[in-house]
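Order of the sequence lines sets the chain letters (A, B, ...), proteins ahead of strands, with each chain counted from 1. Note that the structure is a prediction, hence the values are computed from the model and not measured. Values below: all heavy atoms of this structure, side chains included; hydrogens, waters and symmetry mates excluded.
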Number of protein chains: 2
Amino acid sequence: MGVNMPRYDCQKSADFLKLFSHPTRLLIVSELLKGKRCVSRINRLIKVRQPNISQHLSILRSSGIVESSQKGKEVCYCLKKPKVIEDLLYFFKKNKPE
Amino acid sequence: MGVNMPRYDCQKSADFLKLFSHPTRLLIVSELLKGKRCVSRINRLIKVRQPNISQHLSILRSSGIVESSQKGKEVCYCLKKPKVIEDLLYFFKKNKPE
DNA sequence: TAAAGATATTCGAATTTTTGAATATATGGG
DNA sequence: CCCATATATTCAAAAATTCGAATATCTTTA
């Protein structure tokens, strides 16, 4: 696996990883892997304040990880590329941080 | 793949990811994937000041990613679990952050 | 259209991360 | 022992991240 990592790619990859380097955002995306979820449902699962959930969702949306759609009063989020998250969680499963 | 991500694991996984969410540290570990390297050689590759390289190496060492050994005047570093880094780089290759 | 429910935004403060500068430590050679 | 080279540490400042509080925006229904 001839892997070379030019400075430029490293910056991008690091920025990309940073998106998932927060427990709340990690919880959000791993929940979304199960399917489309509205904010209140995510919020029921994650015990932080609603605006904070929205803040994290906003970060994930503006960086292209998730997309949203209105459903009546609710806004639902889903992963744009579920495979990415699947691979990430698989990486954790395989390389358990002890 | 029945993936569930309890809060506790999320914290750990996020902390773990954070180790690699910095371009310099990513460069360091992907260079170490090629083999054992001393600080000055790493420093030749990465254009930041030497103390900064040592600071990042110290973070990686204290969290168990790398280990060091003295070789004369030089200190060499290597990955404790190269497979982890290999898998991480493979994750990037597969899921190119555009 | 007013009210209620659901979600988003803004802004500032607290915290964390990152870096530079200065300095310290360690090693081998002369 | 002194010097040069290689690396590490410390500390403070700068930068980035995170979060709470307050408030704004939508949407539906009465």
**Student:** Check the distance between dA6(D)'s C1' and Leu57(B)'s CG and give it to me in whole angstrom.
**Tutor:**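 In whole Å, dA6(D) C1' and Leu57(B) CG are 13 Å from each other.
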**Student:** Rounded to whole Å, please give me the gap between CG in Asn43(A) and P in dT7(C).
**Tutor:**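 Nearest whole value for this atom pair: 8 Å.
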**Student:** Using a 4.5 Å cut-off on heavy atoms from C-beta on, say whether the side chain of Leu17(B) contacts that of Leu88(A).
**Tutor:** yes
**Student:** In whole angstroms, how far is the P atom of dT18(C) from the CD1 atom of Ile46(B)?
**Tutor:**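 My rounded result for the distance is 14 Å.
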**Student:** Are the side chain of Asn95(B) and the backbone N or O of Phe91(B) linked by a donor-acceptor pair below 3.5 Å?
**Tutor:** yes
**Student:** Would you mind reporting whether Glu74(B) and Arg41(B) have side-chain heavy atoms less than 4.5 Å apart?
**Tutor:**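 Counting from C-beta outward, Arg41(B) and Glu74(B) never come under 4.5 Å.
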**Student:** For Arg37(B) and dA6(D), what is the distance between atoms CZ and C1' respectively, to the nearest whole Å?
**Tutor:**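 Between C1' of dA6(D) and CZ of Arg37(B): 18 Å.
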**Student:** Which residues within residues 66-79 of chain A lie with some heavy atom under 4.0 Å of an atom in DNA chain C?
**Tutor:**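 Contacts with DNA chain C under 4.0 Å: Lys73(A), Glu74(A), Val75(A), Tyr77(A).
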**Student:** List the protein contact pattern of nucleotides 15-24 of chain D with one symbol per nucleotide (5' to 3'): B for base contact, S for sugar-phosphate-only contact, - for none; contact means a heavy-atom distance under 4.0 Å.
**Tutor:** --SSBBSB--
**Student:** Tell me the ring-ring contact (aromatic ring centres under 6.0 Å, His included) pairs involving residues 21-69 of chain A, sequence neighbours left out?
**Tutor:**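 ring-ring contact (aromatic ring centres under 6.0 Å, His included) check on residues 21-69 of chain A returns His22(A)-His56(A).
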**Student:** Applying a 4.0 Å non-hydrogen cut-off, can you work out what Ser54(B) is touching in the nucleic acid: base, sugar-phosphate, or nothing?
**Tutor:** base
**Student:** When you compare the side chain of Leu89(B) with that of Ser30(B), does any pair of heavy atoms fall below 4.5 Å?
**Tutor:**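 Heavy-atom side-chain distance check passes, below 4.5 Å.
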**Student:** Write down the distance between CD (Gln11(A)) and C1' (dT18(C)), rounded to a whole number of angstrom.
**Tutor:**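 The distance from CD of Gln11(A) to C1' of dT18(C) comes to 13 Å, rounded to the nearest Å.
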**Student:** Can you confirm whether Leu32(B) sits close enough to Ile42(B) that some side-chain heavy atom of one is under 4.5 Å from a side-chain heavy atom of the other?
**Tutor:** yes
**Student:** Answer yes or no: is there a donor N or O on one side and an acceptor on the other, between the side chain of Ser62(A) and the main chain of Ser58(A), under 3.5 Å?
**Tutor:** yes
**Student:** So, Arg25(B) side chain and Leu19(B) main chain: donor-acceptor pair closer than 3.5 Å or not?
**Tutor:** yes
